[in-house]
Amino acid sequence: MSILSEMSASLQKGKANDVKEMVQTALSDGLGAKEILEEGLLSGMGIVGAKFKNNEVFVPEVLIAARAMNAGMEILKPALASADLEPKGKAVVGTVKGDLHDIGKNLVIIMFEGKGIEVIDVGTDVSPEVFVETAIKEGANIIACSALLTTTMAAMKEVVSTVQEKGVADKITVMVGGAPVTQAFCDTIGADYYAADAATASEGALALSKS
Ligand code: B1M
């Protein structure tokens, strides 16, 4: 097994120290930062994402794998910076106004980062203005909103309206998700993309960033 396949396998098992050591060894062996990122770390996280989507692994396994990915990223970051790699997309991710649930939102962030998408985490209880102004200021192409309460879902419509009012609807895609959110709701409020789970959201975000 190559070191990158081993790295991917260790990441999937959440072995943070092993991943860290393998990143260090791969760099010392002269492997490129991009290769290590894509074939070692992101490939491992991609497999975890797919298994999560198929209910083969659950939230704890995803969090442990994400910790291993972050451990590897700590070692890789300086080499990535000097390789001057462009992120594959940039997303502002948060939970809407009035809503404090953040476990699903944090999974979305893990999956986005696992696809190489840069994330600005605006947290919970986020006003439409903060979503949209942050996206404009940071040059993000995606706003991903999470809502867990039927009473806070309506705030997603305000995000869509604010994007339109600011005249940036052609530059920024609004994605929506969370337990009470459906494709029909997404269509009703005029949002661009609905995802039922974090892994699907990350696949959508990657596809949208390429288009
Ligand atoms: Co609350 N809560 N909660 N809660 N809570 C629910 C959501 C509820 C269904 C429980 C129930 O009554 N059965 C209910 C909502 C009812 C409704 O509106 N239909 C509820 C309620 C009523 C409340 C309070 C109002 C309770 C009260 O105070 N009376 C209150 C509200 C506070 C507020 O937000 N203002 C409240 C508070 C809390 C806690 C703080 C105690 C805690 C949150 C802790 C935290 O997040 N840090 C909490 C929790 C934990 C839950 C439950 C038990 C679990 C939610 C969760 O994290 N699930 C929940 C009941 C349940 O779901 N069984 C419940 C795991 C998480 C991985 O799933 O977030 O759905 P989820 O994310 C999924 C997908 O939805 C999707 O991806 C993830 C999977 O891959 N997804 C996205 C999520 N966001 C996405 C964004 C995207 C795409 C996909 O962007 C594109």
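When a ligand or atom number is given, it counts from 1 through the structure's own listing order.
- There is no protein heavy atom closer than 4.0 angstrom to atom 53 (C) of ligand 1.
- For the residue pair T162 / E158, no side-chain donor-acceptor distance below 3.5 Å is found, with atom types taken as modelled.
- A pairwise comparison of heavy atoms in G114 and L42 identifies O-CD2, 3.0 Å as the closest pair.
- To the nearest 0.5 angstrom, S8 atom OG is 10.0 Å from K13 atom NZ.
- In this structure, the separation between OG1 on T25 and CD on E6 is 9.5 Å, given to the nearest 0.5 Å.
- Contact annotation for L107 and ligand 1: only side-chain heavy atoms (C-beta onward) come within less than 4.0 Å of the ligand.
- Distance screen at 4.0 Å: atom 1 (Co) of ligand 1 has a protein heavy-atom neighbour inside the cut-off.
- Here the closest non-hydrogen pair linking L148 and G178 is CD2-CA, 4.3 Å.
- Residue-ligand proximity: G204 is placed with every non-hydrogen atom at 4.0 Å or more from ligand 1.
- Relative to atom 20 (C) of ligand 1, the option among T200, D125, L149, V108 with the closest non-hydrogen atom is L149.
- One N or O on the side chain of E61 and one on the backbone of F58 form a donor-acceptor pair closer than 3.5 Å.
- Shortest contact from atom 55 (C) of ligand 1 to any protein heavy atom: L148 CD1, 4.2 Å.
- Protein heavy atom at the shortest distance from atom 4 (N) of ligand 1 is H101 NE2, 2.7 Å.
- Residue contact annotation: G178 has a non-hydrogen atom under 4.0 Å from ligand 1.
- Of all the heavy atoms of C145, the ones lying under 4.0 Å from any atom of ligand 1 belong exclusively to the backbone.
- Rounding to the nearest 0.5 angstrom, the gap separating the CD1 atom in I36 from the CG atom in L4 is 6.5 Å.
- Residue contacts with ligand 1 for A199 are absent, since no atom lies close enough (heavy atoms, distance under 4.0 Å).
- Atom 91 (C) of ligand 1 is flagged as protein-proximal [any protein heavy atom, distance under 4.0 Å].
- Judged purely by atom type and a 3.5 angstrom limit, K90 uses its side chain to pair as donor or acceptor with the backbone of E138.
- Results of the side chain to side chain contact (heavy atoms under 4.5 Å, CB included) test with F131 over V174, V159, V93 single out V159 as the only residue that passes.
- If you take CD on E21 and CD1 on I75, they are separated by 9.5 Å, rounding to the nearest 0.5 Å.
- Residue-level proximity to ligand 1 for V176 is carried by the backbone, the only part with a heavy atom below 4.0 angstrom.
- Closest protein heavy atom to atom 77 (O) of ligand 1: A198 N, 3.3 Å.
- For atom 44 (C) of ligand 1, the closest non-hydrogen atom on the protein side is I103 CD1, 4.4 Å.
- Contact annotation for atom 62 (O) of ligand 1: protein absent (non-hydrogen atoms, distance under 4.0 Å).
- A heavy-atom separation below 4.0 Å is found between F52 and ligand 1.
- A donor-acceptor pair is defined here as one N or O able to donate and one able to accept, closer than 3.5 Å; such a pair exists between the side chain of D197 and the backbone of A199.
- Here CD1 of I143 is found 5.0 Å from CD1 of I172. Values are rounded to the nearest 0.5 Å.
- When the heavy-atom distances from atom 74 (C) of ligand 1 to G177, A196, A195 are ranked, the shortest goes to A196.
- Close contacts between ligand 1 and D99 involve ligand atoms 34 (O) [criterion: under 4.0 Å to a heavy atom].
- Distance check for atom 85 (C) of ligand 1: a protein heavy atom is found below 4.0 Å.
- Using a 3.5 Å distance cut-off with no hydrogens or angles, the side chains of T152 and D99 do pair a donor with an acceptor.
- Of the protein's heavy atoms, none falls inside 4.0 Å of atom 29 (N) of ligand 1.
- Taking every non-hydrogen atom of A179 and a distance limit under 4.0 Å, the qualifying atoms of ligand 1 come out as 70 (O), 75 (O).
- For atom 17 (C) of ligand 1, the closest non-hydrogen atom on the protein side is T150 OG1, 3.7 Å.
- Between M7 atom CE and L37 atom CG the span is 10.0 Å, to the nearest 0.5 Å.
- The presence of a protein heavy atom under 4.0 Å from atom 15 (C) of ligand 1 is confirmed.
- Within a 4.0 Å radius of atom 8 (C) of ligand 1, the protein contributes no heavy atom.
- Atom 68 (O) of ligand 1 has its closest protein heavy atom at G104 CA, 4.5 Å.
- Listed by atom number, the atoms of ligand 1 under 4.0 Å from M175 heavy atoms are 91 (C).
- By heavy-atom distance, the residue among D197, L100, I142 lying nearest atom 33 (C) of ligand 1 is L100.
- For K15, the NZ atom sits in a loose shell: 12 or fewer heavy atoms of surrounding residues, nucleotides or ligands are nearer than 6.0 Å.
- Looking only at atom types and distance, the side chain of D192 has no donor-acceptor partner in the side chain of T173 under 3.5 Å away.
- Taking all heavy atoms of D192, V181, D102 into account, the minimum distance to atom 47 (N) of ligand 1 is reached by D102.
- For V62 against F52, the heavy-atom pair with the smallest separation is CG2-CD1, 3.6 Å.
- The shortest contact between atom 35 (N) of ligand 1 and any protein heavy atom is with G98 O, 2.9 Å.
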